[in-house]
K.L.:
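Handing you this structure, nothing more for now.
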Amino acid sequence: MRKGIFALIVIILLVGGTHFIRRDGGSTASREFSTERGVIQVRGLVERPYSITYDGLASLPSRNVTVVLYCVDSPNRPRKNGTWTGVPLRVLLERAGIRGDAYKVALYASDGYTTDLYLATVMKDEDIIVAYALNGEPITPRLVVPGRWGYKWIKYITAIEPVGYDFKGTWESAGYPDDAIIPDESTPGR
Ligand SMILES: Nc1nc2c(c(=O)[nH]1)N[C@H]1C(S)=C(S)[C@@H](COP(=O)(O)O)O[C@H]1N2
Ligand SMILES: [Mo]
């Protein structure tokens, strides 16, 4: 009789334990999944703030831009190269209706990184895109900013925010040039 009760307890613990492990494993997986999918908020000085999932970007007008990513730390070594596919930042902003008092665009990432662009720059350059593919392969959406150093090419974007003041991102506020314009490749010491 006591053996029977003992066996029952063991069975309950085993089944309960297995159930717990499965549930825990499941919730960990779904947390990673939701981080990978990601969401971008378009907020700040806009008429109609909205959110778009990383997957949702593919349903908007897209553009291909062939350009090289250079990091300012090794200015002559191409870091990433090819054809980037994505949505013009301007299109994402216009969907929200940009308010007249907007002056810069602050960009935020899930790792705490930030950068910024002048709204006027974004509005006149359709090749500034939130890219979701490189050479036809899906990538985690990141900004592509032709002619500017890699520190403008923010990855893991979580928010795009027109602001009315001189917002400066991670490296811009540490003293790197805010325009981040890459000098011509023939420039000595580039
Ligand atoms: N979220 C995020 N984006 C970022 C950075 C970062 O640290 N965090 N570094 C920037 C810098 S300084 C460079 S040179 C490029 C490097 O891009 P890569 O990692 O694709 O080579 O990413 C930019 N985007
Ligand atoms: Mo960089």
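Just so you know, ligand 1 is whichever comes first in the structure, and atom 1 is the first atom listed for that ligand.
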K.L.:
Tell me, with the steps shown, if Thr66 and Thr83 meet side chain to side chain donor-acceptor pair (under 3.5 Å).
P.N.:
CA-CA 4 Å; Thr66 301; Thr83 299; 2.7 Å; yes

K.L.:
Quick one: do Tyr176 and Trp171 satisfy ring pair (Phe, Tyr, Trp, His ring centres under 6.0 Å)? Show the steps, please.
P.N.:
CA-CA 6 Å; Tyr176 282 81; Trp171 290 115; 5.4 Å; yes

K.L.:
Indicate, as side chain, backbone, both or neither, the part of Lys155 found under 4.0 angstrom from ligand 1 when only non-hydrogen atoms are considered.
P.N.:
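Both backbone and side chain.
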
K.L.:
Walk me through it: do Tyr103 and Tyr165 pass the test ring pair (Phe, Tyr, Trp, His ring centres under 6.0 Å)?
P.N.:
CA-CA 7 Å; Tyr103 162 65; Tyr165 64 98; 8.8 Å; no

K.L.:
Given the rule in the ring pair (Phe, Tyr, Trp, His ring centres under 6.0 Å) test, do Tyr108 and Phe167 qualify, once you have shown the distances and angles that lead to the verdict?
P.N.:
CA-CA 11 Å; Tyr108 296 82; Phe167 178 95; 5.7 Å; yes

K.L.:
Closer than 4.0 angstrom: is that true for some heavy atom of Arg142 and an atom of ligand 1?
P.N.:
yes

K.L.:
Among all protein non-hydrogen atoms, which one is nearest to atom 16 (C) of ligand 1, and what is the separation to 0.1 Å?
P.N.:
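Result for atom 16 (C) of ligand 1: Arg79 NE, 3.6 Å.
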
K.L.:
As an exercise, identify every atom of ligand 1 less than 4.0 angstrom from a heavy atom of Ala109.
P.N.:
1 (N)

K.L.:
What is the closest protein heavy atom to atom 11 (C) of ligand 1, and at what distance does it sit?
P.N.:
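Ranked first by proximity to atom 11 (C) of ligand 1 is Gly150 O, 3.6 Å.
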
K.L.:
Among protein heavy atoms, which lies nearest atom 8 (N) of ligand 1, and at what distance?
P.N.:
Asp111 OD2, 2.8 Å

K.L.:
Side chain or backbone of Cys71 under 4.0 Å from ligand 1, or both, or neither, by non-hydrogen atoms?
P.N.:
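The answer is both, backbone and side chain.
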
K.L.:
Counting distance only, does the side-chain N/O of Asn81 pair as donor-acceptor with the main-chain N or O of Val68 below 3.5 Å?
P.N.:
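No; zero donor-acceptor contacts below 3.5 Å.
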
K.L.:
For the 3.5 Å polar cut-off, considering only N or O atoms, please tell me whether Tyr156 and ligand 1 meet it.
P.N.:
no

K.L.:
Considering only protein heavy atoms, which is closest to atom 24 (N) of ligand 1, and at what distance to one decimal place?
P.N.:
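Checked against all protein heavy atoms, atom 24 (N) of ligand 1 sits closest to Trp153 O, 3.0 Å.
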
K.L.:
Salt bridge check: are Arg90 and Asp127 linked by an N-O gap of less than 4.0 Å?
P.N.:
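Salt bridge between Arg90 and Asp127, a charged N being under 4.0 Å from a carboxylate O: no.
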
K.L.:
Under 4.0 Å from ligand 1, counting heavy atoms only, is it the side chain of Tyr113, its backbone, both or neither?
P.N.:
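Side chain only.
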
K.L.:
Polar-atom distance check: Trp171 versus ligand 1, any N or O pair below 3.5 Å?
P.N.:
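Min N/O separation from ligand 1 is not below 3.5 Å for Trp171.
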
K.L.:
Would Tyr70 count as a polar contact of ligand 1, with the cut-off being nitrogen or oxygen pairs under 3.5 Å?
P.N.:
no

K.L.:
Does Arg63 reach the main-chain N or O of Ile129 with its side chain, forming a donor-acceptor pair under 3.5 Å?
P.N.:
no

K.L.:
With a 4.0 Å cut-off, would you call Lys104 and Asp116 a salt bridge?
P.N.:
yes

K.L.:
For Thr53 and Asp55, run side chain to side chain donor-acceptor pair (under 3.5 Å): C-alpha distance rounded to whole Å, both residues' side-chain angles, the deciding distance at 0.1 Å, then the answer.
P.N.:
CA-CA 5 Å; Thr53 62; Asp55 292 345; 5.3 Å; no

K.L.:
Pick one of side chain, backbone, both or neither for how Leu69 approaches ligand 1, counting any non-hydrogen atom pair under 4.0 Å.
P.N.:
side chain

K.L.:
Of all the non-hydrogen atoms in the protein, which one sits nearest to atom 20 (O) of ligand 1, and at what distance?
P.N.:
Lys80 NZ, 2.6 Å

